[in-house]
Structure formats: structure tokens, C-alpha cells
Amino acid sequence: MSAPETATPSNFIRTIIDEDLQSGRCDQVVTRFPPEPNGYLHIGHAKSICLNFGLAADYNGRCHLRFDDTNPVKEEDEYVEAIKEDVSWLGFDWGEHLYFASDYFETLYQYALKLIKAGTAYVDSQSAEEMRRNRGTLTEPGVESPHRNRSIEENLALFEQMKNGEHPDGSHILRAKIDMAAPNMNLRDPALYRILHAHHHRTGDTWCIYPMYDFAHGQEDSIEGVTYSICTLEFEDHRPLYEWFLRELEIFVPQQIEFARLNLSYTVMSKRKLLQLVTDKHVSGWDDPRMPTVSGMRRRGYPAAAIRTFCERIGVGRAASWIDLSVLEDCVREELNETACRRQAVLNPLKVTITNYDQLEELDAPNHPQRPELGSRVLPMSSELWIDRDDFMENPPPPKKYFRLGPEREVRLRNSYIIRCDEFIKDADGEIVELKCSADLDTLGKNPEGRKVKGIIHWVSAPHAQKVQVRVYDRLFDQENPDKAENYLSALNPDSLQISEALVEPSLIDAKPGETFQFERVGYFTVDSKDATDGEPVFNRTVTLRDTWAKMK
RNA sequence: UGGGGCGUCGCCAAGCGGUAAGGCACCGGAUUUUGAUUCCGGCAUUCCCAGGUUCGAUCCCUGGCGCCCCAGCCA
């Protein structure tokens, strides 16, 4: 009845696929997510993953996970493993379709031979500097290489020698013979193979020539039967080249479709910059909870489902877009509100003594106010409590606007009694150190008659409280677009991490790594998966609760 | 003043010639033992601008303007 309509919003790529399927131009959907294993995946990659795997799932096709490992000097196995873990965690399964560009090295080599024999590729022996100079500029055509018309035999021989390691790095390069005057710079005799005496993470020292992206990517797609090769906008100018190679090689030509990459406010998305944040120790690692990486978000406590919702919500288009961080945070709250159990924790304690109460009680507190099926836990109550300093004001604003504790004011202790502040004690510096309150013992589980108490505050019984470390995270950058700063590092938020101690209700001491709770009235907190030990959880603040009171102030 | 793209609410984004979906944000108000959640309501007479075609244009044409990408032996 209630059609589980995957309210997947339409987008231009779906439109293209629908048309192709209907016209018969294409009869199946095969996509691929092709990361280079030179860093960890970030939220921008998540967008691509959700798009590619999502399309394959919706159209009953398949999506490959293919590592584009054509540059041995930057790639590592550590990244391969991390990427696989992230894709799985996001909820996607590549099944049998795990591939590596390096598996195609021999085939790619044969393809290069084919072009040389056809006279459309040649070995150039200019230096990188000369090549750069002869490429021309955006407005002037390039100059043809003096080696451009070497004979096929000579090219074959030289390329063979390159492959055999007889020439040093940079001494020769295989180029396509297209058009040095092409207005599209990518067509000015692009490089196909460079000499690199480097150890490859998978092929070891088997090769000392490696294909360039342009000569590898399309062929990989073609070999795998990919029907839609979805990539970001900056590859648009490469499409003519992508198709040129496949046509020259007379192999299947997949359709390349470009979409706008994700930009998120208050963060950077370039792998180079993320790597620098890690190597320069501005963060603790790729999985630092402040990082926009999939592993960082996981450690921070963002649920995979929230990230998927986010990727769906932001849509897919071709216009450069800048998504506000609040969209992501809203997705996280939406998911966590539904799933996280409620607990009480005090981050900034102020002592409260209840003068007319001298017992120890075990109160029952529900785990989730809207979901009774989630059960309840025991919440110990005594006459000595900790409450949050923010919940008391010596000189509160007019009663209409403020309903927390203050002199002579009443407030509900969440899941417990209503108390009234009779006096407050200050130390020598004038700082408030303790409140003396009296409880209305007839208000447990019911409201008093004749008056209504609007304020509700959270608390923890002092003798039962457990001390835990809390890491309060804020945005890593305090400028909306760090890339606009002179140097993005100068936009780093000096207060992005504040470590403090919190006093929490006893049930929290057994929290397991990765478990998320809502500390009522404060925010969602997730047990760190690296630094927590048994009986000593460390809580990462995942995201705050919406706070309309903060806005009023 | 080479080529390739893009321009619909503060931020995303549907719409594909028939008279502007939705989300986030924001602003009201209701319910509430989380100032949370939930719930109601508000939020583009207008689609970068100017002409044109048409009974009718955000959607078609022409001309402007603005923004993004490309000169790695990176991907």
C-alpha cells in the first residue's frame, strides 16, 4: 500500500538513462566508482559513490569498484584497504566487481602498440620543459615536436626500449599524434605513457612505463563494459580525447557524463590539502573526527544512512554548487533523533544540594520519549546533584523569556522532581559554587496543581556520577570558504577541538565504541572507536541539538 | 577577444511551450517532563539582463552580462 517510493529526486543523468533505455541505445546500466588509492575518501567521493551505486541498484545494473592505480609514486595499499572499508560502510557492495587499472597494464600496452603501428602515436624525446613550452597557450597554437614524424619502426623500437627500462625517467614519452593547434588543450598531442622507474603497489617492478589517466580510464571502462562513465565537470574537456582513443582502438565506447562536484561550506575537499592537514599534524589523522573524510565522519558518529540521505538531498547537477554544512547536520540529526538512546550528562558542572531530600532512589527513565519499545534504564537520584552552569542565572531576564533556574525559581529535573532554588553560595571570587534547593516531593511523574513549571533541566546524581572525557568538536575551518583565504591553513578554526571532562549518569560507563547517545538538551555523542577502553569511554560530540534558545540570546 | 560549461528564493534543486515541486535556512504559532522531536502556517506575480517568435516562454531564437574549468611526463 504505502509504496516505498524511493523518493529519489530526478536528475539529468536519470533522464539520459531513461531515454537511452527507451530508445534502445543502451540496454543495461553499468557504472563504476574509480578512486585513485592516493588518499582517503571524503564526502565528495561519497556523493559519487551514492550516485554510481545508487543508479546501478535502481536500474538493476551493476557498479564496479575500480582502483585507478596508474601512478605508482602516489599510491599505496593502505589507501586501497581504507577505501574498500569506506565504500562497504556506506552500505554498497561491488560483489565480484573489484578491479584495478594495473590489471590492464598488459592490455593497455598492446593498445599503445596498436596506435604506434597505425601511425597515431609517437615517441617524443623533448624534455618536460620543452614540451610545456611547445604546447602553446590558451590563445596560441602549439608547435609540433621535432620527433613527431619518426618512423613507425623507430617508434616501436624506442617504445620497446622504454618498456625494457633502457631509458631514464623523463628521457622519452609516448604521445598521441592529434593536433598541436587544437583549441582544446587536451588534444595537443597528449602524453600516453611516461617512464617511471617506480615500485607499484601491485605490479611491483614489472613495469617501468606507466599509462597516463587519459590513456587508461576510457579503456578500462570499455574493457569492463561500463555503459555510463560518470565523472566530475573538470573532465568535460577530456571527453573528446576519451572518445578519440576508443574509436582509434576500435573498442566499445561508453558514454561519459559529467556532473558538478560537491563543495561544502567550512571545509576543504582537495586530497592534496587533506593530506597536508594530516602530514602537518593539524589533525590527528585521516579519520580525525573533524575531517570531511568518510572515516572521519564515521568516527565522529555520523551514521552511514545520514550520509546517504545527504547525497540524495543535495541532488546532482552541472552548476557549480556550494552546499551549506547545515544540510549535512540536519541529515545527521534526523537519523540520530530516531535511533539514539537518551542519557543525562553534565559538561560544565554546578553543585546542587537538595535540602529536604535525604534518600537514594532508583528512578526509571525512558531511553527514548517517542519510542517506548526502546525500553528504559535506571537513573539514580540523591540529594547531591550536578547540573549545568548554563542552567542557573543569578539575574535572569524577564520570566517570559527565561525558564531555567534562578533565585526563588522552580524547574523540573528531567525524569525527576521539581525543585526550587532557595539560596546560592558564592566563593571568595564571587563565583557561584553551590545551589541549595528544595524539592516538591509530590511531583515525580506528575505535575503540581495550581502552577505550571515550564523549565526542565538535566542533571546527574553526584555520588553516582562517572567522569568521562568528552571531545567537543566544531568546524575545522571558521571561514565559509577556506579556499578563498590567502592560505587555507590560516582559516583553520583554533577552537575546533575542546577536550573536557563530563559527569555522566552511571549507565554510560558501559557504552561501547561507535555507540551514539543523545545527551539530553546538549547534543549527540558517540564513543570514540580508537581511544576508548573498557570501562573508560571517550565521547566525541557528533552534532549539537538544534538550539532556539541560543538564537534568542 | 582560444576551447568547454553554467546562470530558477539566502544555500541546494525540480521543471523540458500552458501559466514556479521539494529540502536546508529563516520567521510565526500549537503540542511537549529535552527551549529537542512532532505539528500547522509564512517564505520567487517570478526564473541573470535586453530584445524577438508565440494566443501563451523559466522552457524556443538573437544579443549582452556574470561565474566555473583547461596550458601535469597528476587523476
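Every chain is numbered from 1, with letters handed out A, B, ... down the list of sequences.
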Is A/Trp549 stacked on the base of B/G35 when the test is centres under 5.5 angstrom and planes under 30 degrees?
-> yes

Among residues 367-377 of chain A, which contact RNA chain B at a heavy-atom distance under 4.0 Å?
-> A/Pro369, A/Gln370

A/Phe310 CZ to B/C11 C1', straight-line distance once rounded to whole Å | 11 Å

From B/C26, B/G2, B/C16, pick the nucleotide closest to the side chain of A/Met185?
-> B/G2

Quick one: label A/Lys452 by what it contacts on the DNA or RNA (base, sugar-phosphate, nothing), any heavy atom closer than 4.0 Å.
-> nothing

Paired to B/G2 by Watson-Crick or G-U wobble criteria (both distances under 3.5 Å) is B/C70

Compare side-chain N and O positions of A/Arg135 against OP1 and OP2 of B/C70 and report whether any pair is under 4.0 Å apart.
-> no

If we call it a pair only when both distances are under 3.5 Å in a Watson-Crick or G-U wobble match, what pairs with B/C65?
-> B/G7

Between the base of B/G3 and the side chain of A/Asp237, is there a donor-acceptor distance below 3.5 Å?
-> yes

Tell me: CG of A/Asn263 to P of B/C6, nearest whole Å?
-> 17 Å

Side chains of A/Lys47 and A/Leu51: does their closest heavy-atom pair fall under 4.5 Å?
-> no

Partner of A/Phe215 by ring pair (Phe, Tyr, Trp, His ring centres under 6.0 Å), out of A/Phe245, A/Tyr109, A/Trp244, A/Tyr242 | A/Phe245

Is there a donor-acceptor contact under 3.5 Å from the side chain of A/Asn38 to the main chain of A/Lys74?
-> no

Is there a Watson-Crick or G-U wobble partner for B/C47 with both distances under 3.5 Å, and which nucleotide is it?
-> none

Side chain proximity check, A/Leu192 to A/Arg175, heavy atoms < 4.5 angstrom = no

Give a yes or no on whether the backbone of A/Lys446 and the side-chain of A/Thr443 come within a donor-acceptor separation of less than 3.5 Å.
-> no

Given the 90°-from-0 boundary between syn and anti, B/G72 should be labelled syn

Choosing from B/U32, B/C69, B/G35, which nucleotide comes nearest the side chain of A/Glu234?
-> B/C69

Under 3.5 Å, side chain of A/Asn164 to main-chain N/O of A/Glu160, donor-acceptor pair present?
-> yes

Under a 3.5 Å cut-off for both distances, is B/U38 Watson-Crick or wobble paired, and to whom?
-> B/A30

Under 4.0 Å between a side-chain N or O of A/Ser326 and OP1 or OP2 of B/C11?
-> no

Using Watson-Crick or G-U wobble geometry with both distances below 3.5 Å, tell me the partner of B/A14, or none.
-> none

With a 4.5 Å limit on heavy-atom distance, are the side chains of A/Ile43 and A/Met297 in contact?
-> yes

Is any N or O donor-acceptor pair between the side chain of A/Arg239 and the base of B/G4 shorter than 3.5 Å?
-> no

